[in-house]
**Student:** 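Encoded as structure tokens, here's the structure I'll be asking about.
Every chain is numbered from 1, with letters handed out A, B, ... down the list of sequences.
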Protein chains: 2
Amino acid sequence: MKELLDYFKNLVSISPEIENKLNEIVKERNLVKGEQILADNSSKKEHIFVVSGCLRSFYKTEDGKEHTLQFAIKNWWISDYITLYTDKKSIVSIESLTHSKVLIIDNSNVEKFYQEFSQFEIIQRKNFEKRIAALQKRILSLLALTAAEKYSQFIEDYTEFEKIIPNYQIASYLGITPQSLSRIRKERIKN
Amino acid sequence: MKELLDYFKNLVSISPEIENKLNEIVKERNLVKGEQILADNSSKKEHIFVVSGCLRSFYKTEDGKEHTLQFAIKNWWISDYITLYTDKKSIVSIESLTHSKVLIIDNSNVEKFYQEFSQFEIIQRKNFEKRIAALQKRILSLLALTAAEKYSQFIEDYTEFEKIIPNYQIASYLGITPQSLSRIRKERIKN
DNA sequence: TTAATTTATTACCATAGGTTCATATTTGCT
DNA sequence: AGCAAATATGAACCTATGGTAATAAATTAA
């Protein structure tokens, strides 16, 4: 909880009143490695804030292939935005890659929270702006780059992640197979 | 201008004061087919609202290949989010696919507008929520679908666009070549 | 209406990356 | 430490899609 307060305090001043309200609506949860927090086909509308550890949101196709949407570490938000913000049924799962600690806020509470403390509209709007730019950038990469280029960019942009995340999941984030990533990594060592 | 007011009035009540302010900051512009509104390497931070016609945001690689980020018709917003919301230099261009009419608002004015009329924070936040869900969905498609599947989904989701947009630009949106799209379309007719 | 230009299709070959299957290597557990 | 499970690499082959180039069709301009 303290961590989320610190996160917010970096952005806006927090009154005792707000702090109380936050305490009311935030649920703390510890996750073991591999634990799933949000299963596909659940329709829970939840915002997840990572306190420690690393989480991943992903989509599993019928034939069992996984596609990673997002990784998140300390101070990142991770959620299934399709469930949160559309009426479509969820197809996304979120799991913990390490032992992690997260804070969970139900979306209905978030909505109420906005109404009571309008300054959080601003925080969230700015948060969304950055996220939209990041998503747009990711789409550009998926459209324009080769597998090797996507990997290089990933390494550059997500240095902190590289050590924590298994390669086969990085591959699934880049939209390639683990075997292909292996080939690419081999090439990189040569050059 | 009326069109933007109508758009907003669907979401929130508009006072004469707000209407005046909007009139001040909104620039109207007519575009002919093929006209570029935002060139890559400009760093203009602008929000574009489409009144009529159709626009496209895209990225051009050094070897001249184009990758389409977004199409927008009546009542859609289109912008270069990387320029708007990060410090990175722009690599995205926006052009008109038809004769179009757009409204342009400079981002500095938008920021001021938020401050004066906080209810627009809410509108924008909700607008962003939908956009994020849509972007996440697009990433899923790019990761998980074959070229043929991506095309089918496009046709389904963007029926209105299909008639306006040339196939080679649809291809560039799907991340495939026009030739490849041609093959796919031929297959579809057979089945 | 005709010529010029842009867009779409077709065909044929090339290749990045997928598939399959086997083998290392690493990690976690007791 | 030693075994099992998870992850990574490797090699051989395959396929979806890209590249190139030529032609056809459609759109635009004159």
**Student:** Once you round it to whole Å, what is the distance between P of D:dT9 and CD of A:E187?
**Tutor:** 13 Å
**Student:** It should be established whether A:K186 places a side-chain nitrogen or oxygen under 4.0 Å from OP1 or OP2 of nucleotide D:dA11.
**Tutor:**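 Answer yes for this pair, as a side-chain N or O of A:K186 is under 4.0 Å from OP1 or OP2.
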**Student:** Rounded to whole Å, how long is the line connecting atom CZ of A:R185 with atom C1' of C:dT25?
**Tutor:**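 Checked: the CZ to C1' distance equals 12 Å.
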**Student:** Indicate yes or no: does B:E35 engage B:R29 in a salt bridge with an N to O separation below 4.0 Å.
**Tutor:** yes
**Student:** Check whether any side-chain N or O of B:N167 sits under 4.0 Å from OP1 or OP2 of C:dT7, and answer yes or no.
**Tutor:**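 Answer no for this pair, as no side-chain N or O of B:N167 is under 4.0 Å from OP1 or OP2.
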**Student:** Does atom CG (A:N20) have a neighbourhood of more than 12 heavy atoms from anything else shown, all under 6.0 Å?
**Tutor:**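 For A:N20, atom CG is crowded (more than 12 foreign heavy atoms under 6.0 Å).
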**Student:** Rounded to whole angstroms, how far apart are OH on A:Y151 and P on D:dA8?
**Tutor:**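 Between P of D:dA8 and OH of A:Y151: 10 Å.
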**Student:** Can you work out whether A:K150 or B:K33 has the more 5'-proximal nearest nucleotide on DNA chain C?
**Tutor:**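 Between the two, 5'-proximity favours B:K33.
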**Student:** Indicate for each nucleotide in nucleotides 18-25 of chain D, in 5' to 3' sequence, whether protein heavy atoms under 4.0 Å reach the base (B), only the sugar-phosphate (S), or nothing (-).
**Tutor:** BSBB----
**Student:** Taking the six-membered ring for Trp, are B:F71 and B:Y158 ring centroids under 6.0 Å apart?
**Tutor:**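 No, too far apart.
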**Student:** Given atom CD1 of B:I170 and atom C1' of C:dT9, what is their separation to the nearest angstrom?
**Tutor:** 15 Å
**Student:** Round to a whole Å and report the spacing from NZ of B:K163 to P of D:dA26.
**Tutor:** 19 Å
**Student:** Would you say the side chains of A:R188 and A:Y151 form a donor-acceptor pair under 3.5 Å?
**Tutor:** no
**Student:** Under a 3.5 Å cutoff, is there a donor and acceptor pairing between the side chains of B:E149 and B:T146?
**Tutor:**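 Per modelled atom types, B:E149 and B:T146 side chains form a pair under 3.5 Å.
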**Student:** Are more than 12 heavy atoms, taken from residues, nucleotides or ligands other than B:K9, located less than 6.0 Å from that residue's NZ atom?
**Tutor:**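 More than 12 heavy atoms, drawn from other residues, nucleotides or ligands, come within 6.0 Å of this atom.
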**Student:** Would one find a side-chain N or O of A:Y168 under 4.0 angstrom from OP1 or OP2 of D:dA8?
**Tutor:**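 False: A:Y168 side-chain N/O out of range (4.0 Å or more) of D:dA8 OP1/OP2.
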**Student:** Quickly work out the A:R188 CZ to D:dA8 C1' distance and round it to whole Å.
**Tutor:** 16 Å
**Student:** Tell me the interatomic distance from A:L97, atom CG, to C:dG28, atom P, rounded to whole angstroms.
**Tutor:** 13 Å
**Student:** Write down the distance between CG (A:L142) and P (D:dT17), rounded to a whole number of angstrom.
**Tutor:**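 So the CG-P distance, A:L142 to D:dT17, works out to 15 Å.
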**Student:** With a 6.0 Å cut-off on the ring centroids, do B:F154 and B:Y173 count as close?
**Tutor:** yes
